[in-house]
Every structure is written in C-alpha cells, then in structure tokens.
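To start, the structure itself, in structure tokens.
Lettering follows sequence order; numbering is per chain, from 1.
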Amino acid sequence: MNKCEILSPAGDLERLKWAIRYGADAVYIGGYDYSLRANANNFSLEEIKEAILFAHAYNKKVYITVNMLFHNQDLDNLDNYLKELDKIGVDAFIVSDYAVIKRIKELKLKPEVHISTQESSTNYQTVNFWKQLGASRVVLARECSKEDIIDIKNKCDIELEVFIHGAMCTSYSGRCVLSNYVTLRDSNRGGCSQVCRFSFNTSYSPEFSICSKDLNMAQYISEMVKIGIDSLKIEGRMRSVYYIATVVNAYKMLVMHTINNTLTDEVLNYYKKVLDRCANRESTVHFYDKTPGVNEQYFTGREEVSNQDFLGYVKGYDEKNKTMVIEQRNNFKVGDVVEIFGPNTEPFSFKINEIINDKNESVASAKHPQETIYIKAPKPVQVFDIMRVKID
Amino acid sequence: MKYLLIPKSNYKSYFFNFDGVILPLKDYSIGFDYYYSVEEINELSKKLKVYVIINKFLHKIDIVNIKNIIEKIDNVEGYFIEDLGLTNIISKDKIIINQNHIINNYLAINYLNELGFKRCVVSNELTLEELKEIKNKTNSELYYFLINRNMLLYSKRKLVTNYFQNYGIQSDEKNLKIKEKVSNHELIIKEESSSTTIYDGKIFNAVDYKEDINYDFYIININNMSDEETEEIINNYKNNKLKINTENYFLLNEIGYKVKKDE
C-alpha cells in the first residue's frame, strides 16, 4: 500500500515544530512575500532556514507557497526570492502563476514544482498539462469527486495531493474575487477578506448566505490511502498549535491504522470525535461523495466556539515518581478527567488527584497561563505530549 | 482593434455589427443567458467569424465527452478555454487561454506564448498601467473584456437552491439580487444546472480607455444584463459615453492585499 504523506500547514516556526513532532511528513509554509496568506505571521528567510534544518533533521520536508497570482510589479524581486529559497534547501515550491514556473525552470532551481489548488485542476488532461510543464505534483481542486480522483490517478504518472481537512472556499479556488470588489482586497494575492462568510439581504426575508462548512475527510481516509493518493493536505496556516497537533495526529493515526490493517469502527469513531471537538466550526465531507447541498452550508446562527480543550503539554517526566511536568494552557482542577496523547503515546485518560505548583504547593486548580504544574500520571509520558479534556 | 460579441440569444442581425461572435457551448459553459448547440455553431460559422467559449471546469465525464463534441464543430476561429485539460484536445493555434482572474502579468503571457499559446484573455482586475505594460512587454494576441458584467465567483454548489431549501421557501427563481449587509454592495447570483456564479451589480466598462489599452481584441459581453442595457451597448459600444450606469473598478485604482498593522 502507498505510504501516504500527511501534509500540515504552519503559520510560524513553533507551529511547524509541533506539526512535525505530531507526525506530519511535510509542512507547507509561506514567506513574507508571494503567498496566499499575506496577513498571516509567515516566515522570514532566516526562519525558513531554521524550519528546513528542523524538518530535515526529522527526515521531513518543507514546501514553500509562492502561489499568489502575480501582477507585473510583484515580479521585480521574484528571481532573488526563488534563488534564496533554492539555496537554503526548500523541498518544493507550491505555485499557481505561469510566471513562477517559467522562472523556476529558467533559473534551473532544484526544488520540485507543485501546482497549487488555485489552478482548480479537476481532470486528468489538466493534470497532464501541468506534468508537461515540469510539475512533479498537482494539488487537486477541492471539487473533485472520488471518481474524478480515481480517474486522474489511473491516467496520470504524477503525484497527487488532496485536501482532507479545514476551511473550504465556496468557489472553485482562484475563481473568486468577491474580496476585491466588496472590500478592495485582492484575494488572489493573499488579501482574501472571506466575503463568502458575510451575510446578504435579498428580496426574501431570511438573510442570504453562501458560507461553506469546513472539510473533514476522516471517514474516507482509509479509502483515499487505498486509492493511492500521495499526499493528504490539511488546511489552516493560521490555526493554533493545539489544532495542528491534534489534526495531524488524528489523520496520521488513521493512515497508520489503515496501512497496518487495524482500523476498526471504534478507532475511526474516536478520531472523528477528536476532530469534531478541536474545530471551532462544523466540518463534513463535501464533493468527494456528492454535490454538497444544504447540509454542507452555514446559514443564520453560525457559532464559532472557542476551543479550550488544550490544558497543557508535557515539559518533562520523572519516571521514578511517575510525575509529569506540565506547562499550563487552559484551566483545569483536581477531580477533572483528562486525556494524554502524543506522537508516540497512545491516548489514555485519568482523573487528576492532585496538582502541585512550582512552589511545591498543593493547589485546587491550575489557572495561570503557562505556569509549571506537577501531576502524577498512571502511564509513562513523553516530552511534548499534550494533555487535553477527555474526549467522550 | 477588433470587437467580438458574446450574444445572449440565438442569431440576431446585429451580430454582423461585430468582427465576430463568441458562442457559449451548450453544457460546457457557465454564466450565460443562451447556450449554442454544435448545430447552431456550425450554422453561424458559415456566415460569421465564430469563436466558441468553454468556460466550465471539466470533470471526469466532461473531459471524455467534450472531445467528441469538439470534433463535430466546424470552421471556428478559436476556442476560449478555462480548463487547461482542453490544451491536450484542441490544437494550440486554435486556443485562447481564458482563465478567469488568472492571467495578470506579462511574464505569464510570455511563457504561454513560448508554450505555443499565443492568444490569451487578460484579467479584468488590472489597472490601466498594468494593462499597458503587458501590451508593451508581450507579443501575444491580447483579448480583454471591454464591457462585461464581471463574474466574481464560480461555484459548483447550488447556492440558490440550498438557500430556499434551508428556509422552506417555495420558489423557482434561479437568479437573485443580493446586497452585502454592511457595505450594501449589490451582487447578482445565478444558479444553473452545474454551477452558481456571482456577478457585480454594476457593469464593467473600459470603453473610455480602449485606445490606451490598445489590445488586439475587445470582448463585448451582453449577458446578465437588462434589455435596455443590452440595446444601449449594442448601439453604442464604440462610443465613449454609454448612457447606462457603469463602473471601471480597478482600472484607475491599484488594489491592496496586505492589511496594514494598525488596521
């Protein structure tokens, strides 16, 4: 069976490190220029260099998004930027614009070329077009059905990357400029103001909405691995450390269980619950098994719930005393039932019987952000394991 | 410079007032008011210079079927294509790259030219200066939507049907006027069998700047417009002052994309 890459987003160096620790095989990031998240933190060239060193030490890859659609004036510094990225050893460029492909080829740069989902590739002939231009991978349109993906896989000798989790555009990617016209921000140069999440009046009384729910492909991961998709992509370069660690870990486990032929309904349902809980928006399957309908959209009364499941992470473990050192992230108290999970730690839950603070005092609760706490754990844990609210 | 019309109906005598017509291919185009069958295209191509537009994204079945359909089309000047898969089906000299919002710089156009695609439509979201620079730095045959109700979104979802279904509204309407609640920006939403598209409330009009832009072909698209607007455009599209409410959007205004720190 094909080894399926889990491809994680990262908005900064800290997130990148968490993504890799939690099982991402590759991470995609944006530099200060030319990516489609102009208003995310993004990475300086120095930070990209550090990211590559970190990732390569784990034998993982780093892809750089250079996927905005360039206007003439944006081209001025493109060559220097691409050459710098080549020099510091990025593994691939994710691109949309013909101009970028042209310059990568003419400058004879080493990184692979991956065609961004901005190009909305939906059939094998289109994927073959990109291969003829030298691309080694195509990120398929989110609108592709299972049948589309299988057909492309069968007819193309090129790596395929498919989105499995995160926010969805209402539009075919690259074909929405609502942001340009309604808010004067260029969506295809990273300024998208998400007008698709706004509300509209019509001649009918309920307000009009075109807002899509998020994507969640957990139930089809096993099938996607068997189809032979090369890379499973998670959306969300602006998401939190906890979100990235949780989502990457959940999909990594689903892929591993598929490969090891150990994926049971119980395992699948557990990870579906994990994914449902960590999102602040509803998520569902979209185009893979149908044309999305009323249930795949948000209308009035949309709630975005702030997630406070992330209680802390393990900074150390005293095996002799079976005590973990936790850096706190959200409030918890004695008597709470919590769960530990990590890259190499199967999830387990337990009730907190005592909390010791950094002054060696027994306290009823951990209320202070980033304070150091000592808690006894019933099983061994590892540094960077996460403690969260128990998933029921 | 030449003018090509995208009609909104079957044959009319005013088609002859243009240098050619661009006909939306039935079942393979989206966002128009009238779609042409192969028979209608072949009939018109005996009398007029005819181009065909195929602006739908093609999925598994489409990309198989379209090959047979194109083989039946005779004597057309070219195909305006959105889906790049068609580059492996139609000969390069017949292709006009028409990826909506995608072609925004001279280097991209020059690369397409090197690949053998020597005709392309330039984006409507560019400034006059950007359009002129593209003209100066490329050798390709350039096309531009001079009058158009700009398409701002192309979705595969059924956004109007879903709205009615969610609220239990009994309606057969497929076209709605919608207004963004904060800015009051007016938009038109149009649902068809395989797509929903959204258009700006105001008609884009760059007629005043046609000499400056100086492209080879100007496209006049009268779809998604009222009869009055259509008549005014048909009769006066070469004149600088159209007596309808229009807008030139980004032609004179550079658009931003980075939010300032204090914003």
Which region of [X], side chain (C-beta onward) or backbone (N, CA, C, O), has a non-hydrogen atom less than 4.5 Å from a non-hydrogen atom of chain B, or is it both or neither?
X	answer
Asp151(A)	side chain
Glu296(A)	both
Leu75(A)	side chain
Cys196(A)	neither
Ile149(A)	neither

Do [X] and [Y] pair up side chain to side chain, a donor and an acceptor below 3.5 Å, judged on atom types alone?
X	Y	value
Gln99(B)	Glu119(A)	yes
Asn88(B)	Gln132(A)	yes
Lys105(A)	Tyr111(B)	yes
His59(B)	Asp148(A)	yes
Glu82(B)	Tyr172(A)	no

Worksheet entry | Donor-acceptor under 3.5 Å (Thr122(A) side chain, Phe57(B) main chain) | no

Item to complete: Would you confirm whether Ser155(B), through its side chain, and Ser171(A), through its main-chain N or O, come within 3.5 Å as a donor-acceptor pair?
Response: no

Item to complete: May I have the step-by-step check of side chain to side chain donor-acceptor pair (under 3.5 Å) for Gln73(A) and Glu130(B), ending in yes or no?
Response: CA-CA 8 Å; Gln73(A) 62 272 28; Glu130(B) 288 170 333; 2.9 Å; yes

Over all atoms of both residues, closest heavy-atom pair of [X] and [Y]:
X	Y	value
Leu84(B)	Thr126(A)	C-OG1, 4.0 Å
Arg175(A)	Ile102(B)	NH1-CD1, 3.5 Å
Lys156(B)	Thr291(A)	O-CG2, 3.9 Å

Any [X] side-chain heavy atom under 4.5 Å of [Y] side chain:
X	Y	value
Tyr98(A)	Ile103(B)	yes
Leu159(B)	Gln297(A)	yes
Asn124(B)	Val177(A)	no
Asn188(A)	His101(B)	yes

Pick one of side chain, backbone, both or neither for [X], based on which atoms fall under 4.5 Å of a heavy atom in chain A.
X	answer
Asp200(B)	side chain
Ile61(B)	neither
Leu58(B)	both
Asp62(B)	neither

Worksheet entry | Candidate pair Leu187(B) and Phe200(A), rule side chain to side chain contact (heavy atoms under 4.5 Å, CB included), full reasoning | CA-CA 9 Å; Leu187(B) 303 163; Phe200(A) 304 86; 3.8 Å; yes

Fill in: Residues Asn72(A), Glu133(B); criterion side chain to side chain donor-acceptor pair (under 3.5 Å); working and verdict
CA-CA 8 Å; Asn72(A) 297 336; Glu133(B) 189 178 5; 3.2 Å; yes

Practice prompt. To the nearest 0.5 angstrom, please state how far the OH atom of Tyr167(B) sits from the CZ atom of Phe208(A).
Written response: 10.0 Å

Worksheet item: Say you draw a straight line from CD of Glu125(B) to NE2 of His71(A); how long is it, rounded to the nearest 0.5 Å?
Response: 8.0 Å

Worksheet item: Looking at Leu86(B), Asn150(B), Asn184(B), Val182(B), which has the largest count of heavy-atom pairs under 4.5 Å with chain A?
Response: Asn150(B)

Discussion item. Just so I understand: if I count every heavy-atom pair under 4.5 Å between each of Asn162(B), Leu112(B), Asn104(B), Ile63(B) and chain A, which residue has the most?
Written reply: Asn162(B)

Fill in: Residues that Phe164(B) engages under ring pair (Phe, Tyr, Trp, His ring centres under 6.0 Å), provided they are two or more places apart
Tyr204(A)

Item to complete: Using the side chain to side chain donor-acceptor pair (under 3.5 Å) rule, take Asp83(B) and Asn123(A) through it: C-alpha gap first, then chi angles, then the decisive distance, then the call.
Response: CA-CA 9 Å; Asp83(B) 194 309; Asn123(A) 64 72; 3.0 Å; yes

Worksheet item: Would Glu143(A) and Arg157(B) pass as an ion pair if we require N to O under 4.0 Å?
Response: no

Any idea which of [options] has the most non-hydrogen atom pairs under 4.5 angstrom with chain B?
options	result
Ile150(A), Leu78(A), Val182(A)	Val182(A)
Thr170(A), Leu69(A), Asp97(A)	Thr170(A)
Cys176(A), Ser121(A), Cys144(A)	Cys176(A)

Item to complete: I would like to know whether Tyr181(A) and Glu247(B) meet side chain to side chain donor-acceptor pair (under 3.5 Å); could you show each step before the answer?
Response: CA-CA 11 Å; Tyr181(A) 285 76; Glu247(B) 179 64 74; over 6 Å; no

